[in-house]
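Numbered from 1 within each chain, the chains take letters A, B, ... in sequence-line order. Quick caveat, the model's predicted, so the values are computed rather than measured. When reading the values below, keep in mind they use all heavy atoms of this one structure, side chains included, and skip hydrogens, waters and symmetry mates.
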There are 2 protein chains.
Amino acid sequence: MAKRLTQQDIARMAGVSQATVSLVLNNRQDASVRIAPETRARVLEVIRRTGYVANPIARRLHDHRNRILGVFTYEAVFPSTRADFYQPFLEGIEEQAEEIGCDLLLFTSAKAAGGRRRIFSDDSRIRLADGCVLLGRSLDRDDLAQLLTEGIPFVSIGRRDDAGGPVPHVGADYRAAVRDLVDRAVAFGHRKFAYVGAGKGAESSADRLRGFREAVAAHGVEGTHVPFASLDQLAGFTAVLAEEVSDGAALVLAARDRGLSVPGDLSVMTLGAATRPAPEEIGLTGFTIPRREMGRRAVQALTEVLEKAATPQELLPCEFVAGTTLG
Amino acid sequence: MAKRLTQQDIARMAGVSQATVSLVLNNRQDASVRIAPETRARVLEVIRRTGYVANPIARRLHDHRNRILGVFTYEAVFPSTRADFYQPFLEGIEEQAEEIGCDLLLFTSAKAAGGRRRIFSDDSRIRLADGCVLLGRSLDRDDLAQLLTEGIPFVSIGRRDDAGGPVPHVGADYRAAVRDLVDRAVAFGHRKFAYVGAGKGAESSADRLRGFREAVAAHGVEGTHVPFASLDQLAGFTAVLAEEVSDGAALVLAARDRGLSVPGDLSVMTLGAATRPAPEEIGLTGFTIPRREMGRRAVQALTEVLEKAATPQELLPCEFVAGTTLG
DNA sequence: AGCCTGTAATAATTCGAATTAGCATCTTGA
DNA sequence: TCAAGATGCTAATTCGAATTATTACAGGCT
């Protein structure tokens, strides 16, 4: 393996000092440092001839930035089973990283303790990057707290409750999106609503349920939370909002199986959670989560954290999907 | 942003010298450098408390290792349009990287000149990583040559012709796979073969065509290369091998449109290239490319390059897919 | 006391490039 | 003619960690 050329080598060849090579390379024209045109040309010629490129490692050692953004996920991102969930986020992240000229570091080395990666372990590599985007339905509270206390620049994708301090995040406005769905359903004449899903645990679930409760209260209609729903538990309700897309789809199929009409006898809406893969052909009414945009904005927010030591918190609007299961 | 901790900081807190911290951190036990157990424990405690991690940049500057593996692609990897192609490879790469405790660096910063990323530019960051996996249907010859002459450790996914020297790669054995398909078709009685596709340009295309030529020659049957095929050009042939899955699918549909039976009147096989998305429901006869395994092996090969300065070259077998379009 | 041996830790140097302070040399202008 | 200023370049330092050479000190032995 041919030894790599250094600025010192170039300097020797051009008969100047290493400092001069550096100045020429960076095209410095300041009043304080001047290089004669002939000298500059001579150095440039040697650089051209040798194809010399500055060693980025050494270069980055000097500034404190290395233009590397970390992406942490609690599990592998590429397996196809998880692709539907991660991919749109990552698409946005990659896009924005490319725009600001940063490389992306995937923390695949994080020791998988009990099948789940850890942000902090004996030799946490989280600080490899200038800053870090955290991705996952739920994030460990202790991890968030430690990130905050250690002053590690990061942004969460998805809203997060305070963890010993405000957590910088870019989320989706599930609360408003769910309220909007209820509003629309009320306009269709619905008065008896059921919310199907956990409604707690992850912030994303809690936000949805909260939006639901606010909306039914505002309209003065009946709204019940049914954590795990079979069709039998939904007798009497005319509109069901299912956190999970797959749950919504299953309900539609089950209802039609029993000869019920959807949306004739029962309206079903989905709240976009895609923990499990779901059939697409049903055309569920609901909303889309701006995953890609969230990825983009997260990287932008991270640059704000890095440059202004800010704590950005932002919720992006979800877009209504008409579908065919509300009537 | 809180200033990043240095070994000097740790040293101060533990009341020792920076050198001592380094020695403890690297768990050096040599006879020449000894650290008292109490001192060691004190330093480790400070490290644990602060969550200190050595700056990989500085570390790399000194010992030329940082447990970061680069992944270079000429375009973004996450957009869904490219996901089908990249994903299986990346899945294998991620899996193996996780196993050997390395992080993955995606070179999103590579300047996109004319929409295509460049490995080498004014500020090439390729050397940030210990080594690099190159991914893409075709790789720039000049880039490969430069990687070789600069002695940058890398492995190509996909076989590559020499570029001023042998190129380390992990590819798929298209040659053998295509020969196998022809063998099977001959066994079915076919004697007039057409090869549809470029058959040149990328090594993967050339290898397929080469396998085709070898097989028809070995059997003494007729074999013609038809770069861009419409159904009309295929009159007289009884078996068609299409490089592109989508081309094969289109041929089947076109043939059936004209009232021809597939495989009754015409057999169609595909050679697995998936540049464009293709319908899956046809059940084309052909073979699968072991993309995921290629990703895994590429990372393993890269470790061989790094540890033994080897130049691994390996072709993995493709698996026959019976399908329904050969008879 | 003087000398050696072992132990424990540190000072100093290295990696490659960027930057700052500063040293010569050459012009001007008074 | 001499100070002031411009010009062109380089020596020295910095970044953070790893390594080598070296020092400091205790205890044992003659």
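Residue contacts shown for A/A36 are limited to sugar-phosphate atoms, with no base heavy atom under 4.0 Å away. Counting any heavy atom pair closer than 4.0 Å across all strands shown, B/L61 reaches a base atom. Residue contacts shown for A/R34 include a base, since a base heavy atom lies under 4.0 Å away. Residue contacts shown for B/V16 are limited to sugar-phosphate atoms, with no base heavy atom under 4.0 Å away. Among the heavy atoms of the strands lying under 4.0 Å from B/A54 are primed sugar atoms or P, OP1, OP2 only; no base atom is included. Residue contacts for A/D63: at a heavy-atom cut-off of 4.0 Å it reaches no nucleic acid atom on any strand shown. Counting any heavy atom pair closer than 4.0 Å across all strands shown, B/Q8 reaches no nucleic acid atom. A/R28 comes within 4.0 angstrom of the backbone, heavy atoms only, and of no base. Residue-level contact check: B/H64 touches neither bases nor backbone, having no heavy atom under 4.0 Å from any strand.
Note that the first and last nucleotides of DNA chain C, 5' to 3', having any atom under 4.0 angstrom from a heavy atom of chain B are C/dT7 to C/dG16.
At least one cation-pi condition fails for B/R117 and B/Y74: the charged atom is not both under 6.0 angstrom from the six-membered ring centre and inside a 45 degree cone around its axis.
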Practice item. Determine, stepwise, if the pair A/D103 / B/R125 fulfils salt bridge (charged side-chain N to carboxylate O under 4.0 Å, His left out). Key: CA-CA 9 Å; A/D103 295 315; B/R125 315 237 311 151; 2.8 Å; yes
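Considering only side-chain N and O atoms, A/T20 lies under 4.0 angstrom from the phosphate OP1 or OP2 of D/dT10.
Sequence order on DNA chain D of the closest nucleotides to A/A19 and B/I57 puts A/A19 first from the 5' end.
When the local axes at the two ends of the helix from C/dA1-D/dT30 to C/dA30-D/dT1 are compared, using 5 base pairs at each end, they differ in direction by 80° after rounding to 10°.
B/S124 and B/S121 share no side-chain donor-acceptor pair at under 3.5 Å.
A/L134 places a side-chain heavy atom less than 4.5 Å from the side chain of A/C132.
Of the possible polar contacts, one joining the A/T50 side chain to the A/V46 backbone as a donor-acceptor pair under 3.5 Å is found. Judged purely by atom type and a 3.5 angstrom limit, A/H62 has no side-chain atom pairing as donor or acceptor with the backbone of A/R60.
The list of ring-ring contact (aromatic ring centres under 6.0 Å, His included) pairs with a residue in residues 88-109 of chain A, not counting sequence neighbours, reads A/F85-A/F89.
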